[in-house]
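Computed over heavy atoms, backbone and side chain alike; hydrogens, waters and symmetry mates excluded. This structure is a prediction, so every number in the text was calculated from the model and none was measured.
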Amino acid sequence: MSSSLHKVLQLCERQCFLWPVVISKDSNNFVEYFKFGFAGELLKNNICQEWLLSMVMNTDENIFPYHSHGFTRNIIKDLREPFEYVKKLSNSQLPFGISETRLEVRDLLSNMTQEETRYFQPQKHTVLWSCIFARPGNAMQRFYQWQRQRKMWWRKFSASPGRFFLTDIQSGPDGQLVEIKAEFPWGSETVETVCYSGVRLFENIESTEKELFEARDGRKKVMPHVIESTASLESSVLIFLCDAYDEPLFLGLPRQMLRFHRNCISRRGTWSVVPVPDQAASKCGNFNSVVT
């Protein structure tokens with residue numbers, strides 16, 4: 001692990017934000033899950049609320065929150081019921097969508113290019129997932145627009161907005177994929193993926209089942225084009241913690257500090273969280289905050 005990330009994790013533990021629970025497998029270390037302290041819970045809840053506002057409330061489409069009580073990996077199999085419900089609420093007129101927060105246990109990957117990435121991919125985490133069923137005529141345009149909107153969302157809450165960038169579009173069997181990444185001293189980390197799969201999800205299903213997913217574009221019956229966005233809540237918390245980390249000089253010496261953008265922790269302003277030396281050994285010590 002790089003010294004930069006090590007410093008961030010040490011400070012996060014001292015200030016009761018989070019600390020990773022590490023497990024070993026095949027001589028490799030992996031993060032099983034994050035333990036959150038009181039400050040970390042506050043940060044995590046605020047990020048989740050801001051994501052929900054962005055995805056459900058402040059969108060051009062009718063996007064409805066949904067909870068599957070399980071894994072949602074297959075839109076055709078797992079989202080048939082909510083799709084029909086949302087279609088009725090939208091009078092069958094595209095576009096509309098579904099968003100969901102769900103718990104997931106991911107497979108452990110031993111072929112990661114850098115050790116730091118493992119800390120941004122805990123095995124047990126909360127998926128922030130959103131899906132738009134778009135009109136065929138402007139689906140690609142909406143895909144490009146959503147990429148920019150999601151990148152701006154990350155920059156909106158960042159202390160260093162320039163660290164977030166979009167990758168080039170990658171084409172694969174599931175469609176076209178774009179990643180939103182954040183640049184750190186040890187390298188870049190993926191914070192969100194946006195995928196455009198068009199109508200590929202509906203190509204190999206039976207005609208009777210296909211009718212269930214038909215919707216209207218004006219007066220025409222069409223198959224919706226699918227655009228998905230996926231992020232991890234726990235990874236998002238660590239991303240914003242790394243983004244907030246700073247070492248300004250104090251009396252000629254570097255002083256570790258977390259400079260959060262407003263709304264990440266407090267809606268009143270920006271919090272600068274400074275370590276408390278005499279409580280450095282505490283797992284959940286108090287922290288001093290300066291609202292500017």
Side-chain angles (χ1 to χ4, degrees), residues 43-106 124-135 138-157 164 166 174-180 190-202 212-213 215 223-237 239-240 263-264:
L43 177 59
K44 183 175 68 170
N45 290 338
N46 280 357
I47 291 173
C48 190
Q49 289 174 9
E50 292 294 344
W51 178 85
L52 191 65
L53 284 172
S54 173
M55 286 297 188
V56 176
M57 305 299 294
N58 301 326
T59 60
D60 297 330
E61 295 85 6
N62 291 323
I63 298 183
F64 300 87
Y66 170 71
H67 186 62
S68 63
H69 301 284
F71 302 130
T72 305
R73 296 178 180 271
N74 189 312
I75 291 179
I76 304 300
K77 179 181 177 181
D78 299 322
L79 291 182
R80 181 184 307 169
E81 182 179 348
F83 179 90
E84 290 185 279
Y85 182 68
V86 170
K87 187 170 75 168
K88 288 180 181 178
L89 289 176
S90 303
N91 198 26
S92 297
Q93 288 291 334
L94 296 171
F96 50 79
I98 302 170
S99 68
E100 180 186 16
T101 59
R102 65 176 184 273
L103 298 177
E104 183 176 276
V105 180
R106 74 171 100 218
K124 300 175 183 177
H125 67 126
T126 305
V127 176
L128 303 175
W129 178 83
S130 188
C131 176
I132 290 179
F133 299 96
R135 297 195 300 266
N138 69 342
M140 185 59 70
Q141 178 184 352
R142 189 65 182 97
F143 173 54
Y144 292 133
Q145 185 183 18
W146 203 1
Q147 297 172 33
R148 294 190 296 269
Q149 288 176 343
R150 295 308 304 154
K151 182 185 71 172
M152 293 307 298
W153 183 86
W154 285 95
R155 289 186 170 187
K156 177 181 177 182
F157 300 106
F164 292 94
L166 290 169
D174 296 328
Q176 299 186 34
L177 178 73
V178 168
E179 293 179 327
I180 303 172
T190 300
V191 298
E192 186 171 345
T193 59
V194 182
C195 180
Y196 170 69
S197 54
V199 294
R200 298 187 186 193
L201 296 172
F202 310 110
L212 298 175
F213 289 94
M223 297 303 300
H225 285 226
V226 179
I227 308 170
E228 297 177 78
S229 170
T230 307
S232 169
L233 179 56
E234 286 75 7
S235 299
S236 300
V237 174
I239 287 289
F240 282 120
N263 295 339
C264 273

As a quick check of understanding, evaluate side-chain contact (heavy atoms from CB on, under 4.5 Å) for K88 and Y85, giving each step before the final call. CA-CA 5 Å; K88 288 180 181 178; Y85 182 68; 5.7 Å; no
Test side-chain contact (heavy atoms from CB on, under 4.5 Å) on K156 and S54; report intermediate values, then the result. CA-CA 11 Å; K156 177 181 177 182; S54 173; over 6 Å; no
Parallel, tilted or perpendicular, as decided by the 30° and 60° cut-offs, for the rings of F213 and F202: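 If you compare the ring of F202 with that of F213, the planes turn out tilted.
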Relative to the ring of F240, is the ring of W153 parallel (under 30°), tilted (30 to 60°) or perpendicular (over 60°)?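 Perpendicular.
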For [X], give me all partners under side-chain contact (heavy atoms from CB on, under 4.5 Å), at least two apart in sequence or on another chain.
X    : value
T190 : E179, K181, T193
K151 : R155, L166
N138 : R135, Q141
Q145 : D60, R142, R148, Q149

With sequence neighbours excluded, what pairs up with [X] under the side-chain hydrogen bond (donor to acceptor under 3.5 Å, both in side chains) test?
X    : result
T59  : none
S236 : none
S130 : none
S99  : none

Does anything in residues 125-134 pair up under salt bridge (Lys or Arg N to Asp or Glu O under 4.0 Å), and if so which pairs, sequence neighbours excluded?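 Matches after skipping sequence neighbours: none remain.
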Just verifying a value: how many Å separate [X] [atom1] and [Y] [atom2], rounded to the nearest 0.5 Å?
X    : Y    : atom1 : atom2 : answer
Q176 : M140 : CD    : CE    : 4.0 Å
F64  : L89  : CZ    : CG    : 4.5 Å
K87  : N62  : NZ    : CG    : 15.0 Å
T101 : L128 : OG1   : CG    : 7.0 Å
E100 : I63  : CD    : CD1   : 13.5 Å

With sequence neighbours excluded, residues passing salt bridge (Lys or Arg N to Asp or Glu O under 4.0 Å) with E192: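 Here the qualifying residues are R150.
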Any non-hydrogen side-chain atom of [X] less than 4.5 Å from a side-chain atom of [Y]?
X    : Y    : value
T230 : V127 : yes
L52  : M57  : no
S229 : M55  : yes
F133 : I98  : yes
L233 : W51  : no

Does atom CD (Q93) have a neighbourhood of more than 12 heavy atoms from anything else shown, all under 6.0 Å?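 Count over threshold, so yes.
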Could you walk me through whether I227 and V194 pass side-chain contact (heavy atoms from CB on, under 4.5 Å), step by step? CA-CA 7 Å; I227 308 170; V194 182; 4.2 Å; yes
By ring-ring contact (aromatic ring centres under 6.0 Å, His included) - contacts of F143 (at least two apart):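 ring-ring contact (aromatic ring centres under 6.0 Å, His included) check on F143 returns Y196.
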Who pairs with W146 by ring-ring contact (aromatic ring centres under 6.0 Å, His included), at least two apart in sequence or on another chain?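 In terms of ring-ring contact (aromatic ring centres under 6.0 Å, His included), with neighbours along the sequence ignored, W146 is linked to no residue.
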Does F96 form a side-chain contact (heavy atoms from CB on, under 4.5 Å) with F83? I'd like the steps, not just the answer. CA-CA 9 Å; F96 50 79; F83 179 90; 3.7 Å; yes
